[in-house]
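Values below: all heavy atoms of this structure, side chains included; hydrogens, waters and symmetry mates excluded. Fair warning: this is a prediction, and the values are worked out from it, not measured in the lab. So that the names make sense, note that chain A is the first sequence line, chain B the second, and so on, each numbered from 1.
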Amino acid sequence: MDNKSIAQVLAQIADLLEIKGENAFKIRAYRSAAEVVATWPDPVARMDAQQLRTIPGIGKDLAAKIRELAETGVSPYHQQLLAEFPPTILDLLRLQGVGPKTVATLYSTLRISTIEDLAAAAKAGRLRSIRGIGAKKEAQILKAIEERAKDQGRHLLTETAATAADLVSYLQSHAPDVEFMPVGSLRRGCETCGDIDIVAVGGDQTLMDVFVGHPKVEQVLGQGSTKSSVKLAGSYQADLRLVPRESRGAAMQYFTGSKAHNIIVRDRAMQRGFKLNEYGLFKSDTDEKVAGETEEGIYQALGMAWVEPELREHRGEIEAAVAGTLPTLITVGDLRGDLHMHTTASDGKDDLESMAAAAHRLGHQYIAITDHSKALAMANGLDEKRALEHAARIRALNGRYNGLTLLAGIECDILPDGRLDLADDCLAQLDFVVASVHSNLSQDRQQMTDRILRALECPWVDVLGHPTARRLLKRDPIQVDLPAVIAAAKEHGVALEINCQPERLDLSDVNARLARDRGVPLVISTDAHSVAALARLRWGVQTARRGWVRPADVLNTLGVDALRARLRRHRKTR
DNA sequence: GCCGTTTTCGGCCCGACTGTTTTCAGTCG
C-alpha cells in the first residue's frame, strides 16, 4: 500500500469517528496522522512499528494500525466502523455546510445515507422537521448538492496566484489606502491551492461590500463586518479578512498557516503563558498584548526565529527556528541561468534566436537549449544527425548576446528498457544532457526503477528531468523507488531537476527535500516551450524553498565556468 | 489517540459567521 492509500483509510476513520461523535482529540489524532502520512517522503508501509513511532503524531496504536494495513491491506478497526454506517454516508460530509453532526442526525432521524436520498428529502421539505434545521438550511443543502461537482478540485498554484492578483488589484483600486496581502496556501507556495485567502489591513467594513461585489463573484457564502467568503467563477473560493493595523503580523501569521504549523506555534505560546490569535499575542493571565504588529515580533516573543512561509508545514521548522538552524533559502535572484528549454527545432513555439534573445533580456548568464530526441516523434524529436546540426547552430550564437553563453543540449528520452534514445557518441559531443521519461509511464515499480537506474549509468547524463513525470491534478507520479534513484544520482553525480512547469513542479517540495538532505545537486529549470514561459523560474524556486533548498544546493546558481566544472561530464569521477 | 523544560495523567488552537435559537450549536478555516 502506498502512503496515499494508507492516509485515505486513516482520514476515513477520522470521518467516521466524527459522525459517531467520538472524542474530538482522538479524531484529530487520526486526521493529523493521515496528513503526515500523505506527505511522508518514504513509503510508510516499509517501516516497522518502531520506525513509525518516530513520525510526529504517530504513537503506539496508530503504528500498529498502519502495520496491519501494510501487511493485510485492511484495517479491522476501519472495517468495523464502516459496518456501522452505509459507506455512502461519507459523501454527505463533503457537502458545503454539512458537517458530522448534521450527517449523524440525518441518518439517525430520517435514515438518509446517500446524496440522492438527501436531495429528495430536501425537495420534499422533510428536512425542516429535524430540530436545528429550518427552511434556509434546507435550501442551503440543496444548493450544496447542486454545487458539489463544481466545488471539488484544487487549482494550480500559478492559476490561483493570477486570480488572487486580480482580486487584490480590484480591491486596491477601490481602497487605495488599505494593504491587501494574499496569505494561506498561496503564500506558502503550495503546488495546488484549495482557496484564496486575503488579509486586509486598515480598512473599514465597507470593504466587504466591495469584495462581494467583484464581477466574478457567483455566490456569497458569508458576509460579516470583518470576514467574508465568496465563490468565484471557475469554482474558486475566496476569503477576505479585515484586521486593524496593530494586528497586521498576527493576522498574517494566523491566516498563512499551515494549520499544523499554527497548532504547534499556539501550543508553544500556551506553554509559555501566552494566548495567540489573529489579533495578537497576549499574556494569558492579564490579557496584556505582547506582540502582533509584525510576524517577526510574534515568533521572537515565542523564543524562535521568524519562519519563511514556505517552511510552515510542521516538517521540522519549529525545532529549527528554536535552535536557530533554519536554512537560508534560495531566491529567484540566486539563479544565473536556465537549463531546460525547447525551440521550434522540436515542439517549442519560438525559434532558437527568439529564445536566446529573451533569455538575454531576462539577464541570464547562460541557457541550455534542450530539444526533444527522436523517440518523441510527436514532438518532432531530433535524431543524432539533426541533434548535432542543431548543436552547431546553437554554438554559433555564442558571442551574439553580450554576456549570454548558450549550451548545446538535448532532452533525451529514456527508453522503456532504460537505454537512452540517442547514441553515446552523439551525447558525448553535446554540452549538456537532460534525460527524461516521457512514455510507458505505467510500468510497475520495479521495471520503472530499473529503467531509470540504468539510464543514470550512462556517463553523458547530466540531469534527470522531471523525475516523477507527474501532471498535477491530472496524472499521478510514476511508480518508482525514488530513494534508490536519489542514491544512484548521488553515486553518479547526476543532478535532479525541479521542473517549473506549473502542472509539473517535479521534483515536488517533499522529494526535493529528500534529495537535498542526501546531498544530491539540483537544477531549477523552466522547460519553456515559448518565450513567455521563460519567466516562470519563480515557481520552481518556491517549490525548492518548500524543500528547504539553499543556493548552494542548486547548480544553476553557479557562474557558467563553475557550472561546467560541476556537470557530470566534466567530473573526473565519471 | 498523542504527548511531556510543570505532567506518564490530563491536557489537547481559536474565533467569525449562520441559522435557529431565546442563549447556542454547528460549520469552517
Side-chain angles (χ1 to χ4, degrees), chain A residues 10 13-14 17-19 21-34 36 52-66 77 92-106 127-141 143-144 151 183-185 193-199 205 208 212 220-231 237-243 247 250-251 253-282 284 302-303 314 322:
Chain A
L10 296 175
I13 291 177
L17 291 174
E18 226 173 349
I19 293 171
E22 273 269 6
N23 179 300
F25 300 106
K26 182 172 171 178
I27 294 162
R28 182 193 292 172
Y30 277 95
R31 187 94 56 212
S32 72
V36 71
L52 285 170
R53 293 193 61 178
T54 63
I55 300 177
I58 301 212
K60 183 161 161 272
D61 288 19
L62 274 161
K65 292 204 168 64
I66 291 171
Y77 186 50
L92 304 182
L93 215 45
R94 305 276 91 84
L95 295 170
Q96 174 102 40
V98 177
K101 294 284 190 290
T102 308
V103 170
T105 310
L106 289 171
L127 295 185
R128 63 186 79 170
S129 68
I130 297 175
R131 180 181 167 77
I133 295 183
K136 275 194 174 173
K137 188 80 187 174
E138 199 171 62
Q140 188 190 77
I141 287 173
K143 176 93 178 161
D151 288 351
V183 286
S185 52
C193 302
D195 60 6
I196 296 170
D197 300 299
I198 297 174
V199 164
Q205 73 177 81
M208 296 297 158
V212 303
V220 179
L221 299 171
Q223 182 181 357
S225 57
T226 64
K227 173 185 175 178
S228 295
S229 292
V230 298
K231 193 127 274 175
Q237 182 174 326
D239 296 345
L240 180 67
R241 279 300 290 254
L242 174 63
V243 297
S247 299
Q253 198 286 325
Y254 186 97
F255 295 113
T256 294
S258 67
K259 198 169 159 187
H261 174 88
N262 280 1
I263 286 174
I264 309 291
V265 171
R266 219 159 298 177
D267 186 50
R268 188 173 170 84
M270 219 163 44
Q271 281 173 20
R272 305 189 146 218
F274 297 117
K275 186 182 71 164
L276 179 61
N277 58 30
E278 61 264 54
Y279 300 111
L281 181 68
F282 304 88
S284 333
L302 295 175
H314 185 26
V322 170

Please report the interatomic distance NZ(Lys231(A)) to CD(Gln237(A)), rounded to the nearest 0.5 Å. 5.0 Å
Is the phosphate of dT21(B), meaning OP1 or OP2, less than 4.0 Å from a side-chain N or O of Arg131(A)? no
Return no unless some side-chain N or O of Lys227(A) is found under 4.0 Å from OP1 or OP2 of dA16(B). no
For the C1' atoms, the ones on dT6(B) and on dT18(B), what distance do you get once it is rounded to whole angstrom? 40 Å
Base, sugar-phosphate alone, or nothing: which one does Gln237(A) contact when heavy atoms must sit under 4.0 Å apart? sugar-phosphate
Which nucleotide, dA16(B), dG1(B), dG26(B), lies nearest any side-chain atom of Arg241(A)? dA16(B)
Between dC14(B), dC28(B), dC12(B), which one does the side chain of Phe25(A) approach most closely? dC12(B)
Would you check if there is a donor-acceptor pair between the side chains of Lys143(A) and Gln140(A) at a distance under 3.5 Å? no
Could you give the CG-to-P distance, from Leu221(A) to dG19(B), as a whole number of Å? 11 Å
Nearest-angstrom distance from the residue atom CZ of Arg268(A) to P of dT5(B): 10 Å
If you check every side-chain atom of Lys136(A), which of dG1(B), dT18(B), dG19(B) has the closest atom? dG19(B)
So what's dT8(B) paired with, Watson-Crick or G-U wobble, going by both distances under 3.5 Å? none
Does Asn277(A) make a side-chain N or O approach to OP1 or OP2 of dG15(B) shorter than 4.0 Å? yes
dC13(B), dT18(B), dG1(B): which one has an atom nearest the side-chain heavy atoms of Ala29(A)? dG1(B)
Under 4.0 Å between any heavy atoms, over every strand shown, what does Ala135(A) touch: base, sugar-phosphate, or nothing? Just pick one. sugar-phosphate
Side-chain N or O of Lys60(A) less than 4.0 angstrom from OP1 or OP2 on dC3(B)? no
Quick one: is dT7(B) close enough that its OP1 or OP2 comes under 4.0 Å of any side-chain N or O from Gln271(A)? no
Distance, rounded to the nearest Å, where Met208(A) contributes CE and dC17(B) contributes C1': 12 Å
Please state the P separation for the pair dC28(B) and dT20(B) - nearest whole angstrom. 15 Å
d(CG, Leu240(A); P, dA16(B)) in whole Å: 15 Å
Pick base, sugar-phosphate or nothing for Ser225(A), based on heavy-atom distances below 4.0 Å to the nucleic acid. sugar-phosphate
Main-chain N/O of Leu302(A) paired with Arg268(A) side-chain donor or acceptor, under 3.5 Å: yes
Can you tell me if Tyr279(A) touches the phosphate of dA16(B), counting only side-chain N or O atoms and a distance under 4.0 Å to OP1 or OP2? yes
Using a heavy-atom cut-off of 4.0 Å across all strands, would you classify Ile264(A) as base, sugar-phosphate, or nothing? nothing
Mind checking Asn23(A) for me? I need base, sugar-phosphate or nothing, with any heavy atom below 4.0 Å counting as a touch. base
With a 3.5 Å distance limit and no angle check, can you tell me whether Glu138(A) reaches the backbone of Arg128(A) through a side-chain donor-acceptor pair? yes
Hey, does Val265(A) reach any base, or is it just sugar-phosphate, or nothing, if we go heavy atoms under 4.0 Å? nothing
Give a yes/no on whether any side-chain N or O of Thr102(A) is located under 4.0 angstrom from OP1 or OP2 of dT27(B). yes
Between Arg53(A) (CZ) and dC3(B) (C1'), how many Å, whole number? 10 Å
Counting the atoms with a prime plus P, OP1 and OP2 as sugar-phosphate, which does Leu276(A) contact under 4.0 Å by heavy atoms, base, sugar-phosphate, or nothing? sugar-phosphate
Among dG15(B), dT20(B), dC13(B), the nucleotide that comes nearest once only the side chain of Ile263(A) is considered: dC13(B)
Could you tell me the separation between the CD1 atom of Ile55(A) and the C1' atom of dC3(B), rounded to a whole number of Å? 16 Å
Which comes earlier along DNA chain B counting from the 5' end, the contact point of Tyr77(A) or that of Ile133(A), where each point is its nearest nucleotide? Tyr77(A)
Would you indicate what Lys259(A) reaches in the nucleic acid, counting non-hydrogen atoms under 4.0 angstrom: base, sugar-phosphate, or nothing? base
What's Tyr30(A) touching, base or sugar-phosphate or nothing? Going by heavy atoms closer than 4.0 Å. sugar-phosphate
Considering only the C1' atoms, how many Å lie between dC13(B) and dG29(B), rounded to the nearest integer? 12 Å
